[in-house]
Structure formats: structure tokens, C-alpha cells
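Side chains included, hydrogens not; waters and symmetry mates left out as well; all remaining heavy atoms used. Lettering of chains follows the sequences in order, A, B, ..., and the numbering in each one begins at 1.
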Amino acid sequence: MLSKLESRILSAVSQHILIRYGVEIPVALEQPRQASFGEFALPVAFQLARQLKKAPRAIAEELVAELPTIDGVQSLEAAGGGYINLRLNREALCAAAIAPSAIAAAAGDGKVIVEHTNINPNKAAHIGHLRNAILGDTFVKMLRASGQNVEVQNYIDNTGVQVADVVVGFHYLEKMGQADVEALLAQEKFDYACWDLYARISQYYKDNPEALQWRRDTLHAIESGEGELAELGRIVADAIVECHMNTMWRLGIQYDVLPRESEILHLKFWASAFEQLKEQKAIYLETEGKNSGCWVMPGSAFDENREDEDSKVIVRSNGTVTYVGKDIAYQMWKFGLLGKDFYYQPFRTYSDGHPVFVSTASPDGAAAVSFGGGRKVFNVIDSRQSYLQDVVVAGLKALNYHAQAANSIHFSYEMVAMSPRACVEMGIELSAEDQAKPYVEVSGRKGLGVKADDLIDKLIDSALAEVGSRNADKTDDEKFAAASAIAIGALRYFMLKFTRNTVIAFDFQEALSFTGETGPYVQYGAVRSGKILLKAGDLPDYAAVLTGAVCARLLEDEGLWQHLLAVSRTDQAIAAALTAGEPAHLARFAFQLTQQYSSFYRDYPVIQESDAEKRAFLLWLTGQFRAQLDRTLHILGIQVPAFM
RNA sequence: GCGCCCGUAGCUCAGCUGGAUAGAGCAUCUGGCUUCGAACCAGAGGGUCGGCCGUUCGAAUCGGUCCGGGCGCACCA
């Protein structure tokens, strides 16, 4: 609601300055430190001071006197060293909020692709993967809320060493065949079994380096797609992908398509990319030095501080392509630059009816859908991969795809590590070296980490204990549903409250907290407001009761005005978070909005209000709060339980 | 060695393109449930924004430098 007014103010002010002083400067609008200063502040006089060689305070006073009246603005005032504080017309803002408004979604041109989750399908998902998926999913919802057409991809590396290692574990360590693995699969928690096995085989390699030959053999078999080892690889990867999809769906996270590495290999995506790279001389065949016999990208292409000799191998001397090479091909496909596409078949349909497809190599029985070909691509990958992401972008540039290179965005974030206390609580023994650190890196190879499903279960358990103690009258199913919503709310909020470049040192006590700045705090505010609306019975006809005069009278109350203001800032908050690319900003807004509501809740009893006009107004404000909070929570992927 | 990130209250973190008295949560202390549910609210204490230079009307924010911590820099993915 406020965003329109804001742009009106900005254009009026900059226009006036242009005419009056003949200068064109970017005008900024801020929120004053104190609410008593007004609703907005213009620091523009400070900027003008230099150019006009005049005291900022004098300029501010001049502007206050000369600025034309702006629709919706009550008054202007020069303050402090040169601020212009600005008060809004309360009645006008209120009237605008009551009138139903059509929100014009700014439809973006072209498709935006967001790739996230991307967990190696060889073990259970852990807290690090949760951060990736929750961050990615929330960003997707932010984009969609702004009218963008978004395609969500979850890349499945089903032919890599990590899958191979688990296959090695089954085949060589456990001496298990296809039937044995399938029997294990039928039991619960296959991803947990693989988690342990992966840690074991990793340790085994350490103790018996000669066993690495098993990995090479297995990897080769998996890449060729033939034989028993390849079949085992398929079974493992497919089953684990199912597990991951289930885990993520518990958090409300969906995908549109699962492109798999096996199809990138079989459909020869790399061959097409290789041709283009050679043709454009983006890579060359090294004939001397340590990389002799390899196709390499010169170091200067992706890092200006590097020498050309400090190059990155794209194709190994044995003719196989590296991870980065495959990633360049995949990135090209995302932009539709490969001249190829996968075939697809349905993978599953979520309970809300949304289908997700998986890539296949064969046109037989393929679904009539297509993916990729985006205008802009966001890769949600942790910051440790930034070097490789740079190489991928350099590849696009070297191919003269400059627009695509500029639209390849590494949506990076810092890792989730384990706090020493969390390690102790899990009974993990740390090396002396690790103990000295402020936090320890999560490691699948070491089996060091908190599994996503375990954490969710733990959260549900403790939410259930709370819900149970407060709602004896509800059925078990109802209580479980509420506890689940609370648990997911707590988890998503926890992962989102940190800005992207903050390392999260995972701590059980913080993650399991339901008080203070948490998801449940916000959900609680929503539930309380919902209860009032429910108890109020039939809602009044707001447009009829809340006339301009009524609003003007009631909004003289500073508390009510501040509440209306807070609610009105939702649009801005959503837009600002998207611009900054920080879901954390939106999470914080949800918290602050709820804080505002909590004091409103205490100060203004709604149901027993005897003044009918005021009661209607309070009800309307309550509804406004709930509606705006619901919008925000929807983007954050947090549901409001029926009770709590 | 080179590159990226971080250093703000006892702890965990915010602080938007430099702007008015640096903010939350947790923890500590005080007060508030016969009043729409206290997973809440009100209040108190607690900070040389890692150090030092610089840029400017103005710096937690920009630049330089030093100190401390993390992560990268493979013919692994």
C-alpha cells in the first residue's frame, strides 16, 4: 500500500529539485529513527549541500517551504541537521487500505530457473542440505510472489563417486547383491543405512588405499550403465532420491524437474558443449607441463589474478570430462544453448496435484513437456563452490554468451557447521584439531552431521509435547498436524533468520527453541489473531462502517496508527527482500510485524469493545494484520496451525 | 602465497544504496494471567561496532593497513 505513495513522493521531490535547482540526484526515502519524527524522512538536503554550497538545514527549510503538496502527505518539516520529515495523511492511507485494490503483478519477461537442493543421492540429507533447500525454495516463492515465471530444478548426480562409494560398500564390504540391497530397501530408512555405509567405506579407503581401485572400477561401470555394479548404482540412487524428495516435501518443498547426470552422459550433452568450446577456442589442448594431454581453460579466463599456465582441466588426459566440464554443458542447457534437450517422464505428483518430472534418455513413452531454456539462472550452491561457479561463467563468456554469463547467478550462502556443543550432544568424538575450532564442518564422509529427518522428528516431538499440554481437548491427529506445522515453522525460520553469508554453527538449543525470534512466535501471533476473527462472529461491512471521519477519529490514537503503518509496509518488505536477495530480511519483517501485533493485542481488546465503530476498526486491523502476515508466511513456506 | 567471507552487548545475530540517541532474540534482574490463550507483554542493566590511518558536513557502513577466525585455490565431485 505504501509503495505507491512512496514512488509518488520520490518523483515529486526529484522533479521539484530538477526544476528549482537544475540538479538531478537520486532521492532516497528512509524511515526515521523515531516514530515521533513522522513516517518518512528525506535526507536529500545533505546531498544537495555539496553541489549548492549551502548549509543542509537551510536547503531543507527552503524545500519544505517550496515543495508542492503531494497527494497523501499531510505535512513536511525540516529537522535535525537537514532532514525533511514527512507525515502522512492518516485518513487517506486508511481509505486506500480499506478499498479493495487489484495488485498488478509485474510479469517478468521470460523464464527464471532456480536450481537448488542438488544432494548427492547416496545418503540421508543433513542440516547443510536443509539450508540449501529452504533458502532456494523461499527464494523461488519470493520470485513467484513478484510475478516471475520460475522453474525449479533439482540436479541429481546419480553417476558420481559418492554413489559409487556406496555401491562399493554394498558390493565389496557387505558382499550384497541386487536382491539383498532391494530387501534392505524395503525396510525403513534406506538413506540412513547408506549414511553409515558411506562413512564406513570412506574410512576403509583411508585404511586401505588400494581399495580405491574398487571405486574406479565401479565408477566406470556406472558411467557405462552396464553390469551388476551399474544396476546397484541405479537402485541406490533412485531409492535415495525418493528419500530426499520425501524429506523435502515434509518441509513443503517441491520441484518441477529432476535433471540427472546419467542422461547428460547418455544424451551426449558434453559432446555438443565440447564442440562449441573447441570451436570458440575457449579451451585448448595442453601439450606440455603437468596438464599435458588435457583440454584446459586458461586461468586468466576465470580469474584475473591467475596466469594462463595456472589453468583448469576440463577434459582429462584419458579423455573423460571433469565435473566443471559437465557443469558448463548443463548450464548451457539451462539457457537453451546446447541445441539438445532431455526426454522426461513423470516422477511423482505431490498431494496438492503438482507434478514433477525426471529426465530420461529415451523418447519412448516420454511426456510432452520441456524444461530449460531460461532467461536467468540462479544456482543455489554454497560459497565453497564459488571458484567452480566462476569457471562455469567464464566458459559461457568464452563462448561469447555474454548475456547468459551475466544472467548466471551464483546464489551463494555460507555453510552450516556443527557447534562443539552439538557434537558433544550427539556423542561425536572430535579430533584435537577439531576441538580447537569454533565450529566443525559437517561431513558425509565422516558421518558427522545431523540428519534432516532426525531434526524434523525431534522438532515435532517437542512441539507435540507443548501442543499436548495446552490442548487436551484436541484429537491426536489434530495435535500432530499442529505440531508438524509448528516444527516446520521453527525449522524454516531458523534456517532463514541468518543472512546468507553468515556461517550457521548449528546448535540444538537454538534450533529447537520456540520462543523469542522464532517461527512459532510468528505463528502464535497469527493463531491469536485468527481466534479473534473467529470469535467476533459476523464481520461488519467495513467499507460502510469505516468512513473517512471514523478512520480519522480513531487514527488519532498513535498506537492504532503505528499498527496500520506496520501492516502497510508488507509490499515494500517483500520487494526489498527480493532486491537484496535476502530471505532473511523477509523473515525478520514477519517477526517485527508480529511483535507490533503482540503489543496491539495487549493494548486493544477487540471482542469486548463497546464502541461499535471502534470495534469494527479493531476487527478490520486484525484482519489486515492476518492477511498481510499470511502473505509473508506463505512466501517463507511457514503454515499457520489451526491452534497451538 | 593468491582469492572470497567474517569480526557489532555475556552468547547468537540484524543494521537496506554512508545519515538523527548503534538494534533484536537468548541469558540475567524486576513486574504483569478471575480480562480476545503468558509459545505473550512491559521495564532494567549490558556496546571504545577487532586496532590504527584516511575519504567527508557525517563512517558500524567506503578506501588503505595491521591483528584474529573461517572457506576455497586437483586430471575429486
Original post:
Is any side-chain nitrogen or oxygen of A:His410 closer than 4.0 Å to OP1 or OP2 of B:C4?
Top reply: no
**OP:** For each nucleotide in nucleotides 56-62 of chain B, reading 5' to 3', give B when a protein heavy atom comes within less than 4.0 Å of its base, S when such contact involves only the sugar-phosphate, and - otherwise.
**Re:** SBB----
**OP:** Spell out protein contact along nucleotides 25-37 of chain B as letters: B when the base is contacted, S when just the sugar-phosphate is, - when no protein heavy atom is under 4.0 Å; keep the 5' to 3' order.
**Re:** SS--------SBB
Original post:
Which part of the nucleic acid, if any, lies within reach of A:Asn118 when heavy atoms closer than 4.0 Å are counted: base, sugar-phosphate only, or nothing?
Top reply: nothing
**OP:** State whether A:Thr502 places a side-chain N or O below 4.0 Å from either non-bridging phosphate oxygen (OP1 or OP2) of B:A14.
**Re:** yes
**OP:** Verify the contact: side-chain N or O of A:Ser598 to OP1 or OP2 of B:C41, cut-off strictly under 4.0 Å; return yes or no.
**Re:** yes
Subject >> Residues which pass side-chain hydrogen bond (donor to acceptor under 3.5 Å, both in side chains) with A:Asp327, listed by chain and number, not counting sequence neighbours >> reply: none
Original post:
With respect to the side chain of A:Lys312, which nucleotide from B:A74, B:C40, B:A24 is positioned closest?
Top reply: B:A74
**OP:** Between B:A22, B:C5, B:U12, spot the one nearest the side chain of A:Arg33, thanks.
**Re:** B:A22
**OP:** Give A:Ile486 one of three labels, base, sugar-phosphate or nothing, depending on what nucleic acid heavy atoms sit under 4.0 Å from its own.
**Re:** base
Original post:
Looking for any heavy atom pair under 4.0 Å, which part of the strands does A:Ala41 touch: base, sugar-phosphate only, or nothing?
Top reply: base
Original post:
Can you find a side chain N or O atom of A:Asn501 that sits less than 4.0 Å from OP1 or OP2 on B:C5?
Top reply: no
